[in-house]
Structures are given as C-alpha cells and as structure tokens.
*Asks:* 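After the structure tokens below, expect a handful of questions from me.
Just so it is clear, the model here is predicted, and its values are computed rather than measured.
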Amino acid sequence: LGKGLKAEDSLWAGLSDSYAKLPMGLTAENLAVKYDITREQCDAYALRSQNLYQKAAEAGVFKDEIAPVEVKGKKGPQMISADEHPRANAKIEDMQKLKAVFKEGGTVTAGSASGI
C-alpha cells in the first residue's frame with residue numbers, strides 16, 4: 001500500500017475540532033465555561049431549536065430537501081422521509097432530564113448536541 005499511508009475515520013474527523021484537537025462536544029463545554037453559559041441556557045436554546053424545527057417541518061419547509069429512502073425495519077421495509085433526530089412536542093422538562101454527554105455536570109446533552 002505504500003509508505004506513509006494514513007487511515008482516518010471521516011466521522012471522527014468531522015466531529016473533532018482540528019484547531020483545539022478535541023471532540024467538538026468538549027470544545028462546546030470549554031466555551032460554556034469561558035463564556036459563562038449555563039446548562040439551563042443550553043437547555044432553553046435546545047428547546048427553542050427543537051420547536052422551531054417542528055414548526056418548519058410541519059409547514060413543509062424541508063419537503064424538497066429530504067428524499068425518501070427505503071430501509072430495512074424490524075417489520076420489513078419502511079420509508080424514511082423525515083429527519084429522525086428532532087423530537088416533536090419537546091418540553092423543557094425533557095431537556096432537563098438528559099445527562100451531560102462529554103463532561104460530568106456539563107452543558108452538552110443529546111438534546112443540545114448534533115444528532116450525527
């Protein structure tokens with residue numbers, strides 16, 4: 001295969017901050033500390049984002065951007081035609097129940113992080 005071959009996981013590379021050499025989630029945690037951003041503020045912003053997405057999806061904003069794809073499901077083939085990450089009818093209590101992902105007592109949760 002030749003000299004100097006470097007294999008790289010493209011997903012890991014895409015989710016890492018090449019400048020700080022950290023996963024993006026830890027960069028977010030560091031910025032939260034630096035700029036005094038609280039978990040409560042992150043939860044509120046995540047909720048706002050979820051609700052705005054829901055309104056836009058219901059209004060058909062993304063219908064021309066997401067192509068339906070057939071996938072194998074537990075009960076046979078099924079069509080996926082919408083982003084599965086956003087949660088409909090999210091509430092602040094839902095966000096508050098989620099554990100921090102990258103740091104004990106941190107600000108980044110499954111509700112505020114990218115769904116990639």
*Asks:* Atom OG in Ser81, atom CD1 in Ile66: separation rounded to 0.5 Å?
*Replies:* 8.0 Å
*Asks:* With rounding to the nearest 0.5 angstrom, report the NZ to CG distance, Lys91 to Asp43.
*Replies:* 15.0 Å
*Asks:* Nearest 0.5 angstrom please: Leu47 CG to Glu93 CD, how far?
*Replies:* 9.0 Å
*Asks:* On a heavy-atom basis, which atom in Ala90 and which in Asn51 lie closest, and how many Å separate them?
*Replies:* O-OD1, 3.8 Å
*Asks:* Identify the two heavy atoms, one from Gly73 and one from Gln78, that lie closest to each other, and give their separation to 0.1 Å.
*Replies:* CA-OE1, 3.6 Å
*Asks:* Heavy atoms only: give me the nearest Met79-Pro68 pair and the separation to one decimal.
*Replies:* CE-CB, 3.5 Å
*Asks:* Could you grab the distance from atom CD of Gln41 to atom OG of Ser112, nearest 0.5 Å is fine?
*Replies:* 12.5 Å
*Asks:* Considering residues at least two apart in sequence or located in another chain, which fulfil the side chain to side chain donor-acceptor pair (under 3.5 Å) criterion with Gln54?
*Replies:* Glu58, Asn89
*Asks:* Could you pull out all residues at least two apart from Phe62 that satisfy ring pair (Phe, Tyr, Trp, His ring centres under 6.0 Å)?
*Replies:* Tyr53
*Asks:* Using 0.5 Å steps for rounding, measure from the NZ atom of Lys99 to the CD atom of Glu104.
*Replies:* 8.5 Å
*Asks:* Do Leu22 and Phe102 sit in the same hydrophobic cluster, where Ile, Leu, Val, Met, Phe, Trp and Tyr count as joined when their side-chain heavy atoms come under 4.5 Å apart?
*Replies:* yes
*Asks:* Just do the side chain to side chain contact (heavy atoms under 4.5 Å, CB included) check on Leu98 and Arg39 with the steps written out, would you?
*Replies:* CA-CA 11 Å; Leu98 298 170; Arg39 164 68 189 263; 4.2 Å; yes
*Asks:* Flag yes if Val108 and Leu26 sit in one hydrophobic cluster, no otherwise; membership is Ile, Leu, Val, Met, Phe, Trp, Tyr, and two members link when side-chain heavy atoms are under 4.5 Å apart.
*Replies:* yes
*Asks:* Mind checking the CD-CD1 spacing from Glu29 to Ile37? Nearest 0.5 Å is all I need.
*Replies:* 10.0 Å
